[in-house]
S.K.: 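This is the structure I want to talk about, given as structure tokens.
Values below: every heavy atom of this structure, side chains too, minus hydrogens, waters and symmetry copies.
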Amino acid sequence: MRLVIARCSVDYAGRLTAHLPSAPRLILVKADGSVSIHADDRAYKPLNWMSPPCTLKEDGKGAEGADSVWTVVNKAGEKLIITMEEILHDSSHELGVDPGLIKDGVEAHLQELLADRIETLGQGYTLIRREYPTAIGPVDILCRDSDGATVAVELKRRGDIDGVEQLTRYLELLNRDPHLAPVRGVFAAQEIKPQARVLATDRGIGCVVLDYNAMRGIEDDKLRLF
């Protein structure tokens with residue numbers, strides 16, 4: 001993890017364009033290659049970011065990187081251009097492998113129930129395994145649909161944008177494995193926020209609303225697939 005605090009301006013060029021004028025900001029460069037720009041508000045949400053896989057090129061000039069330009073490019077050719085005016089702090093830290101989020105009782109039970117009755121996702125679905133390991137953490141459920149295609153399922157109690165981003169990272173990694181690709185995603189939760197549904201749809205990820213009480217034992221339980 002690299003932490004940089006700098007006075008900078010940021011330009012994004014891709015499907016949309018966006019500009020952040022000059023101001024002091026926190027820049028995070030993570031081991032997975034992602035780059036995100038943060039202000040001192042908005043809780044954990046970045047002002048702008050580039051998800052992996054992407055490459056970072058630093059065109060440095062001036063003392064300690066002042067007046068340098070960082071260009072971050074993803075596989076689609078979209079660019080995040082960070083113009084550094086003054087670097088106030090620059091440090092790197094090795095965090096190691098994260099053990100992952102320990103799910104609460106309801107979320108863990110949802111995973112167990114869905115894995116036991118994977119056909120509720122669709123006729124002919126079969127389970128590959130729960131907690132499928134990857135280099136960036138375990139996928140909640142990996143399964144195959146009736147056509148034999150691989151499906152990665154991310155489970156949440158309340159589905160928001162962060163969950164979609166998490167599943168997107170898993171899909172990018174899983175689709176590099178020729179034994180699994182192509183892999184599509186399903187985002188499953190008891191409640192899915194509208195913004196998360198829009199983002200999931202834009203990325204070709206299916207959304208499933210789970211009825212926890214029904215899955216616990218009502219005979220005529222259903223999943224509503226949207």
Side-chain angles (χ1 to χ4, degrees), residues 1-4 14 26-38 44-46 48-58 70-80 82 90-104 107-108 110-112 114-115 118 121 125-145 148-157 159-189 196 199-200 202-208:
M1 170 83 72
R2 184 179 177 187
L3 309 176
V4 178
L26 168 66
I27 304 167
L28 299 182
V29 183
K30 295 187 178 180
D32 64 2
S34 64
V35 178
S36 57
I37 296 95
H38 300 258
Y44 58 88
K45 293 184 179 180
N48 214 327
W49 69 93
M50 189 71 80
S51 299
C54 57
T55 58
L56 167 62
K57 179 182 178 182
E58 298 181 43
W70 290 14
T71 303
V72 188
V73 183
N74 67 11
K75 63 181 180 181
E78 298 171 316
K79 293 182 179 181
L80 190 65
I82 308 169
D90 189 347
S91 64
S92 298
H93 308 271
E94 180 59 53
L95 302 185
V97 178
D98 191 88
L101 180 68
I102 298 175
K103 300 179 183 298
D104 64 26
E107 198 168 312
L110 276 171
Q111 184 192 108
E112 181 181 348
L114 188 56
I118 197 66
L121 286 176
Y125 273 66
T126 57
L127 178 69
I128 296 176
R129 67 167 289 175
R130 292 169 53 192
E131 299 288 329
Y132 186 87
T134 76
I136 58 174
V139 177
D140 286 332
I141 291 177
L142 199 68
C143 57
R144 295 193 187 279
D145 63 18
T150 311
V151 181
V153 182
E154 179 64 26
L155 283 160
K156 300 291 183 187
R157 290 186 65 185
D160 57 19
I161 285 177
D162 283 351
V164 178
E165 292 285 4
Q166 183 179 359
L167 179 55
T168 299
R169 292 192 293 270
Y170 288 143
L171 290 172
E172 289 174 343
L173 190 62
L174 292 170
N175 272 298
R176 299 178 197 173
D177 186 339
H179 299 291
L180 297 175
V183 185
R184 63 181 179 87
V186 170
F187 188 50
L199 181 61
D202 181 67
R203 295 182 176 180
I205 294 171
C207 292
V208 173

S.K.: What is the distance from atom CG of Leu180 to atom CG of Asn175, rounded to the nearest 0.5 Å?
M.R.: 8.5 Å
S.K.: Are any non-hydrogen side-chain atoms of Thr150 and Leu142 less than 4.5 angstrom apart?
M.R.: yes
S.K.: Which heavy atom of Cys54 sits nearest to which heavy atom of Gly33, and what is that distance?
M.R.: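 Distance-wise, the nearest heavy atoms are SG-O, 3.0 Å.
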S.K.: Provide the closest heavy-atom pair for Leu127 versus Cys143 in the form atom of the first, atom of the second, distance.
M.R.: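 Of all heavy-atom pairs spanning Leu127 and Cys143, the closest is CA-CB, 4.1 Å.
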S.K.: Short question: side chain of Asp140, backbone of Leu155 - any donor-acceptor pair under 3.5 Å?
M.R.: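 Side chain of Asp140 to backbone of Leu155, a donor-acceptor pair under 3.5 Å: yes, one is there.
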S.K.: First locate atom CZ of Arg169, then atom CG of Asp32, and finally report the distance between them rounded to the nearest 0.5 Å.
M.R.: 6.5 Å
S.K.: Rounded to the nearest 0.5 Å, what separates atom CE in Met50 from atom CG in Asn74?
M.R.: 4.5 Å
S.K.: Drop me the distance from Asp162's CG to Thr168's OG1, to the nearest 0.5 angstrom.
M.R.: 11.0 Å
S.K.: Carefully, step by step, assess Glu94 and Met1 under the rule side-chain contact (heavy atoms from CB on, under 4.5 Å).
M.R.: CA-CA 6 Å; Glu94 180 59 53; Met1 170 83 72; over 6 Å; no
S.K.: Hey, is the main chain of Pro138 close enough, under 3.5 Å, to the side chain of Tyr170 for a donor-acceptor pair?
M.R.: yes
S.K.: Checking Asn48 now: which residues fulfil side-chain hydrogen bond (donor to acceptor under 3.5 Å, both in side chains) with it, not counting sequence neighbours?
M.R.: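 Here no residue qualifies.
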S.K.: The criterion is salt bridge (charged side-chain N to carboxylate O under 4.0 Å, His left out); which residues satisfy it with Arg2, sequence neighbours excluded?
M.R.: Glu58, Asp90
S.K.: To the nearest 0.5 Å, what is the distance between CD on Glu165 and CZ on Phe187?
M.R.: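 So the CD of Glu165 and the CZ of Phe187 are separated by 10.5 Å.
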S.K.: Thinking salt bridges, do Glu172 and Arg203 make one under a 4.0 Å N-O criterion?
M.R.: no
S.K.: Verify side-chain contact (heavy atoms from CB on, under 4.5 Å) between Trp70 and Leu56, making sure each step is shown before the conclusion.
M.R.: CA-CA 7 Å; Trp70 290 14; Leu56 167 62; 3.8 Å; yes
S.K.: Can you measure from CG (Leu3) to CG (Leu26) and round to the nearest 0.5 angstrom?
M.R.: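 Answer rounded to 0.5 Å: 6.5 Å.
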S.K.: Within the 3.5 Å criterion, strictly below it, is a donor on Thr126 or Arg144 matched to an acceptor on the partner's side chain?
M.R.: no
S.K.: Using 4.0 Å as the upper bound for N to carboxylate O, is an ion pair formed by Asp145 and Arg184?
M.R.: yes
S.K.: Does Glu131 pair with Arg129 as a salt bridge, N-O distance under 4.0 Å?
M.R.: no
